[in-house]
Amino acid sequence: MNRLLRSALLVTCTASLAAPACAQRSAPHATIVYDVGKEPAMPIPLFTNSEEANEDLGDQLFLHFVTFAPGARVSGDNVLMPSLAKGWHRVDPLTLVFDIDPRAKWHDGAPVTAHDVTYTWELVNSPKLRIAGRARLDPIASVEAIGDRTVRVHFKQPSQEQVYTFGFLIQPLPSHLLEKMAPEAIATSDYAKHPIGNGPFKFERRVPGQLVELRADSTFFLGRPTIARVIFQTAANADARLNAFLAGEVDIYDHIPPTAMAQAQQHTDTRLLEGQSNAIVYLLFNPRSPADSTKPHPALGDLRVREALTLALDRETIAHVTFGASAKVPDAAQSQLWGWITPGGIKGHAVDVARARTLLSEAGWRDANGDGILDKNGAPLSISVLYVAGNPLSDKIALQAQEMLRKVGVELRLDKVESAVINSRVINGQWDLVYSRRNQDPTPTSLVQSWSCESAKLSDGSNPGHWCDPTFDKLVAAAGAAKDQPVAWKAVLDRMTSQHPAIFIAAAPNPVAVHRRFDNVITWATRPWLSLWQWRVRPEAAIARDR
């Protein structure tokens, strides 16, 4: 699915990448090992299904036209830095022209061309493909080649984010390798098993269920990477990730739970990075009946019930117990990355048990038989929360919510299932509440991906609750071109708050632990590992796998 931009965290080097402090040579064979929770089996842009591990790996293999600059936001024509693009210029309010850097090549030596870009745009619009991030690209009307390495991009309406929308969200694919295939065959092709990109790293090998290894492209046109090898290693569970980091087997440990923070901090080889996070955690409501999706949910189809469940929870306590004191509590889908929308800070409504009880009573739910659980027409107010078994964070949230909801007469059942089962359950609507954690894009225009009426039409998209509010959609469309961006987006979030599509638990932090031997460590709140190729290992600090 799917992630405003914070400044990059630069550790040791805090100036530009060319500063003398950053000019140390890397160890000859510097290696980064990153433990991911889920195997990045499909890192090809457009085919990643917006899964974090796929996108993180894909960013090493495939370039964006533009990339982030420290401290930059995505509103404006000149706030992003060139990457695949040598430059761009504006023709009129609806038209931009991008020039591809003539030095750019695919890993097989073929040049990157304008035809690669127009071919990729054809894939975006192919009726045979289900592109997870398609809604984010809807502002683009057309893409055309006007030379071997120049493309003209037309937009449907003026916006302050046009450079970002095209320049960052489009990662071209090699037409000379793919266009003879049927679009629907790409995902299962040999190319998908051994992708050829144009980024700083080349695909080396995959050991299914264990790891993916990348090697530096020594001819990379933006400069030879200072990291020779990157390994994406698949972890079995949260405990395995912690133990691998403490044992020195991996170099990056992110999404650190509070229960593991002390161990990570005390590790002698750890440097801890903390900054704005793009993670949002919530319990999504299913407004449709799990038994018959053509009918409203007997309880959650009522706005009053959804509001009551939110007010019954002490969300601040849940957030801090689960994610630590730096967690924030929003009332809508607002991560810390989007804190600029509410300059007074991210702070949701406080718990209000009395109001929750009143709303439930108004909705017709009363304890007729005196068993402590509200009922209506003889049916108890009993709902379940669906989540993956073995996830300590979701389990902790669910247990706290269960106890708090019981105090207002609501039974919350814990529906823990294996990871292989949960996707089909969600797609088939067999749930009441589902635990969700999303990484938000730099811009709130990306809300259309998971919260719009258009996304609600997809049976297997990133809007599994099929939430649709035309007023919300109109506010989102207007906010993209608004002069006062914070005010416009605050109105969007306020509308979401009033409709209660989910119980928003936390704008969760994402502390990251990195091995101390690395210098020039640059991470981003969204797409965090774009700059891995610029990290360095001090030669005197190199360990065995760096040599």
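Here, residue 1 is the first one in the sequence, and each next residue gets the next number.
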With side-chain contact (heavy atoms from CB on, under 4.5 Å) as the test, would you mind laying out the steps for Y282 and R438 before giving the verdict? CA-CA 9 Å; Y282 53 92; R438 300 283 184 179; 3.2 Å; yes

Residues in side chain to side chain contact (heavy atoms under 4.5 Å, CB included) contact with A363, at least two apart in sequence or another chain: D302, R304, V305, W365

Taking side chain as C-beta onward, heavy atoms only, is F62 less than 4.5 Å from P195? yes

What I'd like to find out is whether the side chain of W524 reaches to under 4.5 Å of the side chain of T67, using heavy atoms alone. no

Within the distance-only criterion (no hydrogens, no angle test), does the side chain of Q171 pair as donor or acceptor with the backbone N or O of P45 below 3.5 angstrom? no

Using atom types as modelled and distance alone, determine if a side-chain donor or acceptor of E51 lies under 3.5 Å from a backbone N or O of M42. no

Contacts of D367 meeting salt bridge (charged side-chain N to carboxylate O under 4.0 Å, His left out) (sequence neighbours excluded), chain-then-number -> none

Check: A508 main-chain N/O paired with S277 side-chain donor or acceptor under 3.5 Å: yes

Under 3.5 Å donor-acceptor, H64 side chain and V66 backbone: no

Looking only at heavy atoms, which two atoms of P158 and L94 are closest? And how far apart? N-CD2, 3.4 Å

Salt bridge check, E316 against K347: does any charged N sit closer than 4.0 Å to a carboxylate O? yes

Return yes if some donor-acceptor pair links the side-chain N/O of K156 with the main-chain N/O of D138 below 3.5 Å, else return no. yes

How far does OG of S75 sit from OH of Y164, to the nearest 0.5 angstrom? 10.5 Å

Between CG of L129 and CD1 of I186, what distance do you get to the nearest 0.5 Å? 6.5 Å

Is it the case that the side chain of R437 and the backbone of V281 share a donor-acceptor pair, with hydrogens and angles ignored and the cut-off at 3.5 Å? no

Taking the side chain as everything from C-beta on, heavy atoms only, tell me whether L173 gets closer than 4.5 Å to F47. yes

Across all chains, not counting sequence neighbours, the side chain to side chain contact (heavy atoms under 4.5 Å, CB included) partners of A479 are A488, W489, V492

Under the 3.5 angstrom rule, does the side chain of S293 hit a backbone N or O of R288 as a donor-acceptor pair? no

Any idea which heavy atoms bring S142 and W121 closest together, and the distance? CA-NE1, 4.0 Å

Compute the ring centroids of W451 and F472, then answer whether they are less than 6.0 Å apart. no

What one should report as the nearest heavy-atom pair of W431 and P464 is CZ2-O, 3.6 Å

If I compare all heavy atoms of A279 with all of S335, which pair ends up nearest, and what's the gap? O-CB, 3.6 Å

Ring pair (Phe, Tyr, Trp, His ring centres under 6.0 Å) for F168 and F68? Distances and angles first, verdict last. CA-CA 9 Å; F168 190 79; F68 302 131; 4.6 Å; yes

Got a second to check how far Y387's OH is from K416's NZ, nearest 0.5 Å? 4.5 Å

Side chains of V143 and F166, heavy atoms from C-beta outward: is any pair under 4.5 Å? yes

Taken to the nearest 0.5 Å, the spacing of L493 CG from Q334 CD works out to 5.0 Å

Sequence neighbours left out, cut at 3.5 Å: what donor-acceptor pairs do the side chains of residues 398-408 make with other protein atoms?
residue, atom, partner, partner atom, Å
Q400, NE2, T322, OG1, 3.2
Q400, NE2, K396, O, 3.1
Q402, NE2, L412, O, 2.8

Go through the structure and list residues passing salt bridge (charged side-chain N to carboxylate O under 4.0 Å, His left out) with D331, not counting sequence neighbours. R315

Determine whether P501 and M496 make a side-chain contact, defined as any pair of heavy atoms from C-beta on separated by less than 4.5 Å. yes

Contacts of E122 meeting side chain to side chain contact (heavy atoms under 4.5 Å, CB included) (sequence neighbours excluded), chain-then-number -> Y119

Do you know the tightest heavy-atom contact between I256 and A264? CD1-CB, 4.3 Å

Would you say N237's side chain and A240's backbone share a donor-acceptor pair under 3.5 angstrom? yes

Any donor-acceptor pair under 3.5 Å linking the side chain of D314 with the backbone of V351? no

So, using salt bridge (charged side-chain N to carboxylate O under 4.0 Å, His left out) as the criterion, who are the partners of E39 when residues are at least two apart? R206

For R355, enumerate each residue passing the salt bridge (charged side-chain N to carboxylate O under 4.0 Å, His left out) test, keeping only those at least two apart in sequence or located in another chain. none

Can you name the side chain to side chain contact (heavy atoms under 4.5 Å, CB included) partners of R425, sequence neighbours left out? L386, D415, V417, V421, Q430

Is there any side-chain hydrogen bond (donor to acceptor under 3.5 Å, both in side chains) pair reaching into residues 497-513, and which pairs are they, with sequence neighbours excluded? H255-N510

Would you check, one step at a time, whether the test side-chain contact (heavy atoms from CB on, under 4.5 Å) holds for I170 with F65? CA-CA 7 Å; I170 291 287; F65 274 90; 4.3 Å; yes

Taking CG in N377 as the centre, count heavy atoms belonging to other residues, nucleotides or ligands within less than 6.0 Å. Is the count above 12? no

Between T445 and V74, does a side-chain contact (heavy atoms from CB on, under 4.5 Å) hold up when you go through it step by step? CA-CA 11 Å; T445 55; V74 297; over 6 Å; no

Mind checking whether M261 and L272 have side chains closer than 4.5 Å, heavy atoms only? yes

Could you walk me through whether N463 and L458 pass the side-chain contact (heavy atoms from CB on, under 4.5 Å) test, one step at a time? CA-CA 8 Å; N463 185 356; L458 302 176; over 6 Å; no

Pairs meeting criterion disulfide bond (SG atoms under 2.5 Å apart) with involvement of residues 400-492, two or more places apart: C453-C468

Looking at CG of D432 and NE2 of H297, how far apart are the two atoms once the value is rounded to the nearest 0.5 Å? 3.5 Å

Smallest separation among heavy atoms of R134 and N125, with atom names: NH2-OD1, 2.7 Å

Got a sec, which pairs hit salt bridge (Lys or Arg N to Asp or Glu O under 4.0 Å) with one end in residues 490-511, sequence neighbours left out? D469-R495, K490-D494

Is the shortest heavy-atom distance from the side chain of V385 to the side chain of L414 under 4.5 Å? yes

Out of curiosity, Y435 OH to L284 CG, how far, rounded to the nearest 0.5 Å? 13.0 Å

Can you find a heavy atom in the side chain of V512 that is under 4.5 Å from one in the side chain of P528? no

